[in-house]
Amino acid sequence: MSRRIAAAKVSRRPIGRGVGWSIVAAAATAGCHAPMSIFRTGAVESKILAGLTWFLIILSAIIYAIVIGILVAALRRRRHATTDVDLTPRNWRFPIIGGAIVPGIVLLVLFVASVRAERAFPDAAAAPVRFAVIGHQWWWEVRYQSGPGKPIAMADEIHVPIGRPVEIALSSVDVIHSFWIPGMHGKIDLIPGDTNAIRFTATRAGVYRGQCAEYCGLQHAHMAFTVVADPPAAFAAWAARERDSAAVPADSERASGEALITHGPCALCHTIRGTSARGTAGPDLTHVGSRHTLAGGGLPNNLATMTAWITNAQSLKPGSAMPSLPQFTGVQLRAMARYLESLQ
Ligand code: CUA
């Protein structure tokens, strides 16, 4: 018995230390590379939430250490040699303080910290930038109505100016989704028949990742989006470009691609402003070439993935509303993809 305990003592130390350092290293680097880290803060609100999270983590770690310390102390106490039941009167002070008063105080502290964090969010009643995000199985429709000129229609990508509060109206056309940009704010549901709103103020320019955070069907995991936070001038330039109609094909290959798309099956579901394609079931493709990703954030946007998506969407994202279109030849596919790529 004693040999076993000794062996356990010898082997436990390096493992414990290794695990400890792994946790410290993971915690230290969590905010550096992970695109979904809440510690990579890019907005006023996410900074408040990250502060609250650190407070909860540190407080939990302290309480955990105290509980484990008490447990170890109890295990090390010299046991009575006898197995008789000890009937001496108990001291009830410790269980009352440790089991009721201290947890009550801790819960009160957590409650106050949460309420304070919530009240610290700036009131964006007069948000100068407003737009709508509509959840679909499984992509995000984005519509900017305000501002001069035509409305902007995007998919799976939102742009926000830094330093200005934005307000996003959130709704869904099918099931409940959840809009989550860890670098900007917390999660908020998109509920069919209702409109929610989220407000935040981006503070750091960069590209962030958003994700649907509520299981919404087969391709829930492929319901991501890109968030681009730009200085106001760059945001205004982007908005002006996006309000334009689609670019005219610059060469004969792209012109044949345009004809195949606007007079073929694509036009039944997609709109390309400035052409005869006016479908509304799928994403607006007027500026599809400017987007970072395709297929609900599942694919990087380039010529190869665009070609593959047109011809074989159902193998890339089974169950999505985009059908596979195997009827096109390689030459036709390339022309279509090159035309779509040119829609910047
Ligand atoms: Cu939409 Cu999960």
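Every number for a ligand or one of its atoms is a count from 1 in the order of the listing. Quick note: numbers below take in every heavy atom, side chains included, and nothing from hydrogens, waters or symmetry partners.
- The neighbour count for R204 CZ, taken as heavy atoms of other residues, nucleotides or ligands under 6.0 Å away, is above 12.
- Looking only at N/O/S atoms, E214 comes nearest to atom 2 (Cu) of ligand 1 through O.
- Restricting H220 to its N/O/S atoms, the shortest distance to atom 2 (Cu) of ligand 1 is reached by ND1.
- Considering atom 2 (Cu) of ligand 1 as centre, the angle to SG of C216 and to SG of C212 is 120° (10° rounding).
- Within a 6.0 Å sphere centred on CD of Q344, other residues, nucleotides and ligands contribute more than 12 heavy atoms.
- Residue M223: an N/O/S atom is found under 2.8 Å from atom 1 (Cu) of ligand 1.
- Of the charged side-chain nitrogens involved, none lies within less than 4.0 Å of a carboxylate oxygen, so that D244 and R241 do not count as a salt-bridged pair.
- Ring centers of Y215 and H220: under 6.0 Å apart, within the cut-off.
- Looking at H177, its N, O or S atom nearest to atom 1 (Cu) of ligand 1 turns out to be ND1.
- Checking V228, V227, D156, N301 one by one against H292, the side-chain contact (heavy atoms from CB on, under 4.5 Å) holds for a single residue, V228.
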